[in-house]
Amino acid sequence: MNSSMCQESFQKEAYLSLMKGLREFDLQMNSVPSELVLSGDDTFPLLMNGQGQVLMAASLYGRGRIVVLAHETYTFPALVENAVTWLRGDQNNSSSVGVHANISGVADNLRNSGFQVNVADAFRDDLGVGVYVTDAYCVDADADRLVDFLKAGGGVLIAGQAWHWASVNPNKNTFLQFPGNKVSGVAGIYFTTQYGSKEKLPVYPQVPSSWKALGVGKDFEEDLGFLLNGTSQFDLRSDSVASDILTHGPLAFPIGVTGEGQTFLAGGYYGRGRVIVVTHELFPYIGSLASFWNKVIQWLAQGRNGVVGFGSGLSPIDGVELQCERTAFRRDLNVFVCTAYNDEHAEEIQDFVAQGGGLLIGGHAWYWASTHPDQNPMTDFPGNKILNKMGLSVLKETVVTGLFDAPEPNQALSSNFNFRQLLKRFVGHVIEGEELTDQEQRWLLKLGKQAVNYLNLKAHDSYAYTQVLAFLTEIVKRGMPEVSEEKPLRNPKDLLLLHVATEVFRVSRDPDALLPYLIKKDASMPVVHKQRIQINVKTKDGEEWISTGLYLAPGVKTDMIMPTSIVNRRWMVQISCQTDYLNHGELKRAPSVSERFPITSEVMQVWNLWGGLIYLVAPTKTTVEGQEVIVQTAVSAPYYKHGATKLDDWAQLRSAPSPWAELEFDNIILTLPSRFVRDLERPDEAAKLWNSIMKGIAELAVIPEKFARKERIVADVQISAGSMHAGYPVMMRSSEASELVNLKRARIKGLWGEVHELGHNQQRTAWDFEKQTEEATCNLWSVYVHEEKLDLNRAQAHSALTKQSRDSTVDKYVKAGRKLIEWNNWTALETYLQLQEKFGWDAFKQVFSAYHTMSDVPRDNVGKMNLYTETFSQKVGMNLTGFFKAWGWPIESDTEKKLSHLPLWSDHPMANYI
């Protein structure tokens, strides 16, 4: 059993132990309780009223346990006896119980039940007790000792309410300064000033739960008022790219939010301390915000004058009025400032904040996510290993920086942007028909994306997480919409459900029970058994998908048997070729429909809610030969492999029941809906076409004719961007998939878009100019392939390349002043076509070949343009500086000097415009 299941089971067993023999609590007395707020993974409620207010709760801290009651009159004898027994944990039953003198009545009841009791007017280390029972008012002086006692394995029962204390201490922060919170807060249970509703409440057979308990636990107006005093705007205009933040804890709140509702700055309470997270480590050093960051440090310091420590690679922030030092993490610091890229001291930092420290942490997760594609940013990103328990998580989604207005402190930021609050409103809408405001309707799609990220925490050991999962599961069961190309979804509520359904299924403890609610059509198909897949692979700088020719129906599970040579070697099983994540206002399929499973055992089970073709994913730089994988049960797919599949066999294979088919040729694999290959009688002719196309791709790129990794094209009902986009695989819309196998059409109309995307995959940073040639140089491959392999001249291949269109492009560019910012797309392509028409394709091949062996290439466009000018000139033996200058290129004098010995190309096509 894994640790999360153990913890989940522990909470259930703890609840049953604490509520043993109890049937109901009659709280309809004069005593007015405080609502308790629970924060953190280890807290769970024991009693909840009809309003979703928690009135009794328990938690863990360190090696110890704590029970909190929302009023001192709730120390019912049977409950206290159960609590003391549970709080002892594994201690010897003869351990005595300490009781504070203020509630000495508890001592009498415990003695009558056979407990050894010591009554004292304060907690002392020499009491020698295993459990200490106290009210929430008399622990101020004892708080630190009680926290140490709890951490070391002691048990604490604390009872009281905070609303009266707050009424006589109006200028104090109840969450941090109320005596009881100085003890219970470290374990994530807080007394609040909110009155609790008095009711007669049954004891339920399981840990209580209510959607009404969602939401935020504090009004953060005072915090925002302090932090934003003197700050009206966040001027973050720079090239820096930040990440979005998910605020998902009841004590987490946004501070800086974009107009699109993304959060780049947030704060929160954790234990007795505070935390601020900003999603770029350079933002605290922006000079115009110096006074704001000084306020941040003061807020984190809570009025203390200790040292502010700046971790590795960070300098003290200008304007901070407290003593600053560069230092590794130390427990004696007042505030610690660090980046989100190191989790070396994660647990120590969490404990530091829980016991009152302040934490300022900065960093983004988008780059980490891009370089760790097979890891979960929510759980594996270093910063999130620190922040998740604090109710904050840095997301892989990016925030484009700019100038943002600071919110007014009285704006309900936490209500608009805290995930728990948004979810509470939506659950109330679904379950009890509560009306959503227009703004809440607009935020539904955002809520769906937040829910996906939250579910990826996979924190089954957290009561809060399991409750959110339960509510989302209930919502999905109540009305999962069907989606297809014929029935696209546009309603925000439907889009939310479609976003959430996949993730709920992925993390559900019982996905089989959920399946009938999600897949309503009978997906049964004839299956084959014990299919053997041969593995012969040698990968280089990228992962490679190995086709199996097998399909797995939606929600169906199958076992796979792996050779030991690929177990725990970074190999994966992937279900589905549709790896694009959709972020659209209209959906024709679920946003995410592929699954990956790491191969960590010789026998493993795989499945996918939405079904899909089965692949083995080989990691980079790996060689495996002559190995075999067995798939126990699957559906046959129409799968043709050139050189291996006989035409006679294909005659039957093309009617295989899988809805997805694959055609694998020498250097490319086409994946498309099976309906497009049912009538394809001669896949060998398609192979000739595509082998010729790919040969052309290799020729111009000057790479070996046999690709290091076969390219892939997948045709899907909906993709993430455009009608096609580059990558591995190239993605295109299935509405155009017939082009891939219509050989006659390809010879007449060409395959411009497909080759354009394959050309993207051949672009190289060394000779591609950012924001200038991304959509230009890829078209060199389109022109080359159409002219050299498909016998279609450039004017036939694309209407933008007729003489009239090309002349118009040049005229427009010249008349506009030859501004380099406008030199892109077709205009930029024209520059290269003029070179080709003068020097031929061999010149480009020589240039591309030269770049293969270059090192220390400039990173800026100016440097790269000058290097390209020099390289092309040398390869053709002619000085091209005048030509490129005529196009507006920033040719430097050093480049002109280097090429001055070569004859000048003076009659170039642009000479007429000079």
Side-chain angles (χ1 to χ4, degrees), residues 61-62 139-151 169 171-179 181-188 190 222-223 226-227 229-230 251 255 265-278 281 283-285 289-340 342-363 383 386-387 389-390 392:
Y61 180 68
V139 295
D140 215 342
D142 300 337
D144 290 340
R145 288 193 295 273
L146 271 173
V147 169
D148 290 340
F149 168 71
L150 183 61
K151 188 176 181 181
N169 294 276
N171 297 320
K172 291 188 177 181
N173 187 315
T174 303
F175 276 79
L176 298 177
Q177 294 174 288
F178 174 63
N181 284 337
K182 293 181 180 181
V183 178
S184 63
V186 298
Y190 299 85
E222 184 178 340
D223 301 284
F226 180 88
L227 289 165
N229 184 21
L251 297 178
I255 302 170
L265 178 66
Y269 285 65
Y270 182 69
R272 290 160 56 176
R274 291 167 165 171
V275 57
I276 295 282
V277 57
V278 59
E281 66 274 18
F283 289 170
Y285 298 95
L289 294 174
S291 63
F292 169 75
W293 291 109
N294 183 47
K295 287 281 189 181
V296 165
I297 297 298
Q298 290 179 19
W299 185 79
L300 293 171
Q302 298 186 42
R304 301 183 299 262
N305 293 317
V307 173
V308 179
F310 288 80
S312 176
L314 296 178
S315 301
I317 300 171
D318 291 340
V320 173
E321 297 171 358
L322 298 174
Q323 179 185 348
C324 297
E325 291 182 12
R326 290 182 177 177
T327 176
F329 173 74
R330 307 194 318 257
R331 293 200 62 92
D332 65 341
L333 294 172
N334 187 1
V335 175
F336 184 55
V337 184
C338 65
T339 70
N342 189 319
D343 60 359
E344 183 180 358
H345 298 285
E347 291 185 6
E348 294 173 85
I349 291 173
Q350 289 167 347
D351 193 51
F352 164 75
V353 178
Q355 295 200 44
L359 175 66
L360 171 58
I361 183 169
I386 299 171
L387 290 167
K389 287 189 175 183
M390 301 180 184
L392 297 158

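Residue numbers run from 1 in the order of the sequence given. Fair warning: this is a prediction, and the values are worked out from it, not measured in the lab.
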Lys182 with Asp142: basic N within carboxylate O range, under 4.0 Å: no
Distance (rounded to the nearest 0.5 Å) between Ile361 CD1 and Leu387 CG: 4.5 Å
Flag, side chain of Gln177 to backbone of Lys172, donor-acceptor distance under 3.5 Å: no
Distance-only polar pair, side chains of Tyr269 and Asn181, donor-acceptor under 3.5 Å: no
N/O donor-acceptor pair under 3.5 Å between Trp293 side chain and Phe283 backbone: yes
Asp318 side-chain N/O to Ala290 backbone N/O, donor-acceptor pair under 3.5 Å: no
Under 3.5 Å donor-acceptor, Gln302 side chain and Arg272 backbone: yes
Side chain Tyr270, main chain Leu251, donor-acceptor under 3.5 Å: no
Side-chain H-bond candidate by donor/acceptor type, Glu325 with Gln323, under 3.5 Å: yes
Any donor-acceptor N/O pair, Tyr61 side chain to Gly188 backbone, under 3.5 Å: no
Leu265: which of Val296, Val277, Ile276 passes side-chain contact (heavy atoms from CB on, under 4.5 Å): Ile276
Asp223 vs Trp299, side chain to side chain contact (heavy atoms under 4.5 Å, CB included): CA-CA, chis, key distance, verdict: CA-CA 8 Å; Asp223 301 284; Trp299 185 79; 3.1 Å; yes
Steps toward side chain to side chain contact (heavy atoms under 4.5 Å, CB included) verdict (Cys338, Leu360): CA-CA 7 Å; Cys338 65; Leu360 171 58; over 6 Å; no
Parallel, tilted or perpendicular: ring planes of Phe329 versus Phe336, cut at 30 and 60 degrees: perpendicular
